[in-house]
Amino acid sequence: MQDTFDHKQTESRWQEAWRKQHVFEVDRTTDKPKYYILEMFPYPSGTLHMGHVRNYTIGDVIARYKAARGFNVMHPMGWDAFGLPAENAAIKHKTHPSRWTYSNIAYMKRQFERMGWLFDWRREVATCAADYYKWEQLFFIQMLEKGLAYRKLSTVNWCPSCNTVLANEQVEEGRCWRCENETTTKELTQWFFKVTQYAEELLDGIDKLTGWPERVTSQQKHWIGRSDGAEILFEVADGPSKGKKIPVFTTRPDTVCGVTYLSLAPEHPLTLELATGAGRAAEVSAFAEKVRKVDKIKRTDENYEKEGVSLGVHVINPVTGAKVPLFAANFVLMDYGTGAVMAVPAHDVRDHAFAKKYGLPIKKVIEAVDLPADAPPVYVQDMAYTDHGKLLDSGEFTGLTSEEAKKKIPIWLEKKGAGRPTVNYKLRDWGLSRQRYWGAPIPIIHCDKDGAVPVPKDQLPVVLPEDVEFTGEGASPLARSEKFLNVKCPKCGGPAKRETDTMDTFVESSWYYLRYMSIPTPDKPFAAEDVKYWGPVDQYIGGVEHATMHLLYFRFFHRVLQDLGWVPAGVPREPATRLLNQGIVYKDGAKMSKSKGNVVDPDGLIERYGADTTRLFVLFAAPPEKVLEWSDAGVEGSYRFVGRVWRMVHANLSLIQDVKPWSAPHASIANPDAKKLRTKAHQTIQKVTADLDHDFRFNTAISAIMELVNEIYGFKVELNDEPSRQILRESIDTVVRLLSPFAPHLCEELWKNLGNASLLSLEPWRDHDAQAVELDVITVVVQVNGKHRANITLSKAVSKDDMAAIAARDPKVTLFLDGKELVRTVIVPGKLVNFVVK
RNA sequence: GCCGACGUGGUGGAAUUGGUAGACACGCUAGGCUUAGAACCUAGUGCCGCAAGGCGUGUGGGUUCGAGUCCCUCCGUCGGUACCA
């Protein structure tokens with residue numbers, strides 16, 4: 001037996017043992033409750049980074065713990081294998097994205113094993129495999145049939161560096177989420193998923209996601225962005241388009257009587273039409289052109305100068321009948337609301353600035369109410385009053401509160417046929433077309449006669465052609481593959497062309513958790529009975545950067561698949577019950593990244609310290625949801641702890657190897673030190689169990705085990721004191737059992753060296769002995785005027801009065817009581833006495 | 001601006017319902033072991049003070065017998081989001 005823990009050979013030996021015994025290969029069973037734990041699958045970029053190490057270590061600990069607690073634990077893993085880096089690598093290294101991807105997968109899978117993470121690899125998926133993506137091609141066609149997928153010409157976000165379209169969610173502050181270059185916009189015909197049809201349901205569902213962190217649910221609420229208000233129709237009063245109605249959306253219908261003009265988005269279809277009718281086409285189109293040229297970052301800067309141009313026509317306010325002028329304005333966005341805004345300069349900051357600039361009237365219709373006497377005057381010159389209040393100068397609505405008017409005015413308008421109450425969302429439909437090769441082909445054929453025709457279902461999958469070149473220039477490689485491109489129309493048989501766009505890779509990650517539930521079969525994506533058994537995901541773990549992308553898409557997709565009949569009725573509407581967002585890994589105060597050169601390579605750590613040390617460090621250094629600040633010294637500390645546990649077992653081996661763990665009643669222990677040790681051991685079981693059950697507080701669980709180890713180091717036992725040796729044995733067994741989810745290789749080795757033949761990873765968790773944690777004495781805190789003055793140890797049975805009396809006699813306490821008048825005595829039974837004196 | 005999270009020793013971080021602030025670890029100091037070093041073992045380590053004691057959880061206030069914890073104010077950090085009508 002070695003005298004130190006040799007991680008290099010020990011770890012691989014246990015990994016081999018787990019593989020042979022199929023630990024974590026699970027099937028449906030009724031004799032245990034199921035537990036589905038899922039970590040977001042990695043993009044196979046080449047090697048693991050520390051974020052992966054943290055994510056999957058957390059998942060592995062939970063999986064091992066839940067299994068030990070008697071759950072039927074499903075813990076699958078796969079590869080989010082489509083994406084741009086593979087294509088770039090293909091161009092750079094003159095290889096094929098497929099070859100590059102699969103060789104990365106092979107390497108990373110070895111790294112997974114070296115970390116000691118256990119998965120049911122029979123369920124592994126690689127999303128770039130045709131037998132995976134063929135199902136989403138089918139889902140796409142079914143969504144098309146249901147009207148949930150559609151094509152439209154639209155202004156889309158374009159990343160010139162990635163040469164592809166981006167969804168709104170993938171643009172961060174005007175930059176591409178992937179390459180961080182500035183994005184522009186483009187007019188393109190693109191495929192969309194109708195997420196907006198589920199907007200209300202996705203919003204409502206958030207309140208039921210009680211197991212999700214608030215930072216995610218609040219971000220999703222914000223992103224969906226529901227606004228309650230009204231649509232109001234303003235009729236064109238003059239010119240050739242007289243009588244046309246322009247709908248506006250407003251959240252403040254109570255201010256409608258204060259409208260003094262209307263603003264249209266420059267790209268609004270009516271803008272040019274109306275201007276042309278009024279003979280102002282040249283000026284207005286020049287303005288529209290100027291706005292269009294300004295890049296999006298500048299245009300959306302809140303300090304960007306508000307500008308507009310008159311269209312030369314007027315509209316009629318349907319409530320007051322007033323004729324007001326119409327403008328095109330640069331701050332009105334075509335893609336929110338109706339692209340037209342009623343302007344109330346007295347009560348909106350932007351309208352106010354615009355009105356000042358162009359000398360337009362400002363009409364006050366809201367008056368502040370219930371202001372405290374010392375409040376500053378509300379109508380400060382040059383400011384809009386944007387709060388609620390009481391209506392002024394608003395005809396029959398005068399005197400109502402804003403709240404009342406917001407309800408009444410839209411109903412009144414609806415009766416007159418000039419508007420209605422309505423709801424608006426910030427959420428946009430999900431643009432899923434990508435002008436890339438390495439993605440799932442969109443199963444559509446374009447025919448001059450029949451238009452966009454879905455590929456017949458029996459001809460799926462549409463497989464990516466292999467014989468393509470990757471030059472990085474021009475259109476997508478798919479558009480240059482003649483064999484792929486030229487086909488016959490499935491309807492008329494005439495010559496037709498395949499769709500050459502591929503799907504956004506977020507489509508693959510929107511349903512992989514369902515695919516895992518069934519061991520892959522060629523005839524269906526997953527089996528309904530498996531989804532009924534395993535669904536929903538009990539614990540999902542991943543980075544917070546997906547709060548408004550993946551985590552919204554997969555909630556959407558789950559509902560769609562249920563509505564299409566793939567996910568059986570009765571399975572909850574939400575795909576994941578609990579979500580844990582692990583924090584980012586930092587080093588030197590910044591997120592680890594190649595460009596900053598502050599990355600730590602997991603391979604080097606495993607080589608030098610071993611997987612267990614690495615696992616312990618990432619779990620111990622911070623709570624899982626917080627930023628983890630990398631510390632080389634901290635890793636050394638974890639490494640020392642591993643050695644300390646090893647020595648604790650082996651230094652005591654001769655004392656404990658021939659005794660059984662203590663099993664008699666706790667009260668019968670004669671040696672007080674041994675009794676104390678046993679109490680500590682069982683308190684530790686209780687503490688670690690609670691930490692793992694509640695919020696996965698791995699850091700405090702590990703520190704509790706460290707305390708027990710320190711206690712064992714301080715425990716001295718004689719060879720002839722057999723009961724104490726039994727208690728020592730029990731305590732050491734406890735350390736090994738409790739530590740095993742965190743440092744599984746070390747603990748398997750120690751378990752074996754302690755003389756056990758079983759695999760520790762298959763052993764049940766242990767419960768604490770309630771009698772052992774129950775102390776017969778209590779420590780009472782004594783305070784004087786709330787300040788801690790003494791601790792006294794008393795019998796558990798002591799009465800309230802005795803507690804106070806004994807506390808008052810303590811010399812440290814009398815010092816502060818003498819010569820003072822006792823006003824009051826606060827007694828918390830079994831805990832605390834506080835003397836209040838004057 | 002708005003939404004969310006957070007602010008505790010030299011450092012990472014502990015502190016169930018308001019009840020011993022600083023567990024555990026890093027670092028540092030001293031001692032032991034060693035030819036020496038590393039490793040290991042033991043002890044100490046919030047600040048001021050010889051001590052008694054005093055002061056201490058971003059700031060200022062409040063509630064309470066008692067506040068890191070609850071309420072209000074302000075300051076700061078991080079994440080998200082934004083001409084959203």
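Letters A, B, ... mirror the listed sequences (proteins, then strands); counts begin at 1. Excluded from the calculations below are hydrogen atoms, water molecules and symmetry mates; all remaining heavy atoms, backbone and side chain alike, are included.
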Given 3.5 Å as the limit, does a donor-acceptor pair link the side chain of [X] with the main chain of [Y], or not?
X: A:Q220; Y: A:A547; value: yes
X: A:N598; Y: A:S593; value: yes
X: A:R555; Y: A:L202; value: yes

| query | Under the rule syn = chi within 90° of 0, otherwise anti, which is B:G4? | reply | anti
| Taking A:L708 as the fixed residue, which of A:M648, A:K680, A:H682 is the one that meets the side-chain contact (heavy atoms from CB on, under 4.5 Å) rule? | A:K680
Does [X] reach a base, just sugar-phosphate, or nothing at all? Heavy atoms under 4.0 Å.
X: A:P623; result: sugar-phosphate
X: A:D348; result: nothing
X: A:Y713; result: sugar-phosphate
X: A:T251; result: sugar-phosphate
X: A:R789; result: sugar-phosphate
X: A:V823; result: nothing
X: A:N424; result: nothing
X: A:V341; result: base

Watson-Crick or G-U wobble mate for [N], both contacts under 3.5 Å:
N: B:G66; answer: none
N: B:C24; answer: B:G12
N: B:A43; answer: B:U29
N: B:A85; answer: none
N: B:A5; answer: B:U77
N: B:A52; answer: none

| remark: Closest to the 5' end of RNA chain B, once A:G786 and A:Q783 are matched to their nearest nucleotides, is A:Q783
| task | Between A:K787 and A:A622, just flag the one whose closest nucleotide in RNA chain B comes earlier from the 5' side. | result | A:A622
Of the listed nucleotides [options], the one nearest the side chain of [X]:
X: A:T250; options: B:U42, B:A85, B:A25; answer: B:A85
X: A:K426; options: B:G4, B:C84, B:G54; answer: B:C84
X: A:E707; options: B:A23, B:A5, B:G19; answer: B:A23
X: A:V826; options: B:G53, B:A85, B:C65; answer: B:C65
X: A:R647; options: B:C24, B:C41, B:C3; answer: B:C41
X: A:S218; options: B:G4, B:C40, B:C83; answer: B:G4
X: A:E214; options: B:C40, B:G4, B:G19; answer: B:G4
X: A:M706; options: B:C55, B:C83, B:A25; answer: B:A25
X: A:L832; options: B:G12, B:G19, B:A82; answer: B:G19
X: A:A633; options: B:C26, B:C3, B:U20; answer: B:C26

Quick one: [X] [atom1] to [N] [atom2], roughly how many Å, whole number?
X: A:E629; N: B:C6; atom1: CD; atom2: P; value: 19 Å
X: A:I584; N: B:G12; atom1: CD1; atom2: P; value: 17 Å
X: A:N652; N: B:C41; atom1: CG; atom2: P; value: 13 Å
X: A:N785; N: B:A67; atom1: CG; atom2: C1'; value: 15 Å
X: A:D588; N: B:G12; atom1: CG; atom2: P; value: 13 Å
X: A:L815; N: B:A51; atom1: CG; atom2: C1'; value: 14 Å
X: A:R215; N: B:U81; atom1: CZ; atom2: P; value: 14 Å
X: A:W630; N: B:U11; atom1: CH2; atom2: P; value: 21 Å

Any side-chain N or O of [X] below 4.0 angstrom from OP1/OP2 of [N]?
X: A:N699; N: B:A14; result: yes
X: A:N710; N: B:A25; result: yes
X: A:R644; N: B:C24; result: no
X: A:R697; N: B:U16; result: no
X: A:S227; N: B:A85; result: yes

| Step-by-step side-chain hydrogen bond (donor to acceptor under 3.5 Å, both in side chains) determination, A:R824 to A:N834 | CA-CA 8 Å; A:R824 193 175 154 186; A:N834 184 16; over 6 Å; no
Say we look at [N] and [M]: how far apart would their [atom1] atoms be, to the nearest angstrom?
N: B:U42; M: B:A51; atom1: P; result: 27 Å
N: B:U77; M: B:G56; atom1: P; result: 26 Å
N: B:A67; M: B:U8; atom1: C1'; result: 14 Å
N: B:A43; M: B:U57; atom1: C1'; result: 28 Å
N: B:C78; M: B:C72; atom1: C1'; result: 24 Å
N: B:G18; M: B:G62; atom1: C1'; result: 15 Å
N: B:A15; M: B:G22; atom1: P; result: 13 Å
N: B:U45; M: B:G79; atom1: C1'; result: 36 Å

| task | To the nearest 0.5 angstrom, please state how far the CZ atom of A:R789 sits from the CZ atom of A:F835. | result | 13.0 Å
| query | Is A:K357 atom NZ crowded by more than 12 heavy atoms from other residues, nucleotides or ligands, each under 6.0 Å away? | reply | yes
| query | Between A:F641 and A:F620, does the ring centre distance come in under 6.0 Å? | reply | no
| said: Are A:Y358 and A:Y261, when compared by the centres of their aromatic rings, separated by less than 6.0 Å? | reply: no
Using a distance-only criterion (donor-acceptor N/O pair, under 3.5 Å, no hydrogens), is the base of [N] paired with the side chain of [X]?
X: A:K831; N: B:U17; answer: yes
X: A:K306; N: B:C83; answer: yes
X: A:Q219; N: B:G79; answer: no

| Under-4.0 Å salt bridge between A:E636 and A:R608 | yes
